[in-house]
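Structure, as structure tokens:
Hydrogens, waters and symmetry mates are skipped; everything else that's a heavy atom, side chains included, is used. Numbered from 1 within each chain, the chains take letters A, B, ... in sequence-line order.
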Amino acid sequence: MVGKGEESMSELFQWLEAIRDRGEYVHDQLSHATPVFALSRPEGILLVGVGLGQSKIFEIYDRHALAALGNPVDIEKIRQTAIEAAHLEGFNRSPQDVTMRRLMSYSLSPALKTSFESVFQPPLIVEGVFTEVGETPEDDILMEFTHDGNFGVVHDGLAVVSSNTAAATQAKDWLRQRLKPHSNRNRVLGLLLAMWQAMANGERIGNSTKSAQLDTVDLGGRVLEMALLDRKTPHKVKYQALAGDA
Amino acid sequence: MNPSTAPQPRMDGDFLSLLPEHPLSRVLASNPQALAGHQIEATTVLAFHYNKGVLMAGDHRATADNLIFSDRVEKILPLDSDSLMAIAGSPAVALEMARTLETSFEFYRRSQLQTMSLQAKTRALSQLLKENIPMVMQGIGTVVPIFAGVDYSLPKPAPTIHFYDPLGAQFETANFASSGSGSGNVKSILAFQERWGSPAPHAMDLKQATTFALRLLTTAAQFDSATGGVDPRVNRYASVYSLSPGEVRKITDEEQAQWWGKEKKA
């Protein structure tokens, strides 16, 4: 006869097993997705991804944007959750009260964690970076998040989001050595797309890796999605889709 | 569950259907008695076509009966990059309507990844006015707005002017619209100028149109005690905005002063 304590232990073990399996399943699904980038610059925050057009880079609120990768339906769910939470907060209080920290801590992260741990529901296959533009690059907030609700602030103004964390770290190091505040937009884009190509093709990233040529870069039949949270604009809406975004 | 009390499915991109799920907000005052007593209202706001789009202007005065409540009220409100609203009537209700529309338009654009059509925008304002009918019937909280928005369904996108009655009926106007207690005088001058003026308002450039709007508001204030807060002779200027496809532009007090001064010298 199995005691009540042993039954509970068994259920707990099964739950932990299920969580571990879900983690592996989500990781496997995300390994097919290509990276997205967010970069704090003097003129604002630049967000870059490669997708099907309006599939990776999104406006969330006046000063907020999202770059995400994963299952399109799941990206859509987290995007809608963020937009609803931001607009309700902005309407009920004020647009200044819509902050990345509160959105992430009280709306998005709990939603992702609950979804991940609800073992009888399919998990959300999505990761990305939420951004909030400030008065200066030092005031910018970039928050990377993972499918299980974990999130962290990026302190050096450069986010490279990919399920392949080792490649993302290499790409960040490579970019950090080459990106300068005065680099022009094409130079920045060439460097980001070089990393996109290397990571998408599983190539080794090193000193021999060259910046991509914008007119000849192979995006695998997809389109460049790019937006700027424009720090300088006098308008309250800072998001500006840039050419290349379908 | 009784079908009439069953929750309605939420419409995609509709901010208003999201609000009841979060009862912290109050779209419109649910207790009109709370507004009993002195109502703050009266105004002159106007909109007309000039040669690059629509110019919308309003005075700054709010009155409560015979009292001047404020001479610093902003009555022209940009809702998004393609629409403007001029409010006349009770500011408590009108400002809340403008804020609700502003959030609704942006919510739709961001969540649906496309802008709301002009027809949907004018209808959204109609809907808010219809919801406000109980307040109107009690003689308080009446709002008679003017709306200007860019019609992208036209072969050449251009801004259009719409006016409303307090019950929510919406009409598009060919040339101009005015609302508020001082609107009678303004409409007469606009009609006269449109027919016999040289230049007619629709042929004016931005500077001429701005100066003309200042003259209209100053004249309205001369005959209507509830219109005021605008007098270029003593450096008090109006709320003036221009609307053209993709651009809402505020005409600053400095620009108004400069253009008014040139007009005076000419």
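Not counting sequence neighbours, the partners of Lys238(A) by the side-chain contact (heavy atoms from CB on, under 4.5 Å) test are Arg63(A), Val133(A), Leu229(A), Thr233(A). Scanning for side-chain hydrogen bond (donor to acceptor under 3.5 Å, both in side chains) contacts around Asp12(B) gives an empty result, with sequence neighbours left out. In this structure, Asp230(A) has no salt bridge (charged side-chain N to carboxylate O under 4.0 Å, His left out) partners at least two apart in sequence or on a different chain.
In this structure, the side chain of Gln80(A) engages the main chain of Ser111(B) through a donor-acceptor pair within 3.5 Å.
For Tyr61(A), the parts sitting under 4.5 Å from any heavy atom of chain B are the backbone and the side chain alike.
To the nearest 0.5 Å, atom CZ of residue Arg79(A) and atom CZ of residue Arg110(B) are 11.5 Å apart. The CG atom of Asn92(A) lies 9.0 Å from the OG1 atom of Thr103(B); values are rounded to the nearest 0.5 Å.
Val237(A) is listed as a side-chain neighbour of Arg109(B), based on a closest heavy-atom distance under 4.5 Å. Using a 4.5 Å heavy-atom cutoff, the side chains of Val248(B) and His235(A) are not in contact.
Shown here is Lys52(B), whose NZ atom has no more than 12 heavy atoms of other residues, nucleotides or ligands within 6.0 Å. Other residues, nucleotides and ligands contribute at most 12 non-hydrogen atoms within 6.0 Å of the OH atom of Tyr25(A).
You'll find the ring centres of Phe91(A) and Phe15(B) inside the 6.0 Å limit.
Using a 4.5 Å heavy-atom cut-off against chain B, no residue of residues 111-125 of chain A qualifies as contacting.
A salt bridge links Lys236(A) to Glu102(B): one of the charged nitrogens lies within less than 4.0 Å of a carboxylate oxygen.
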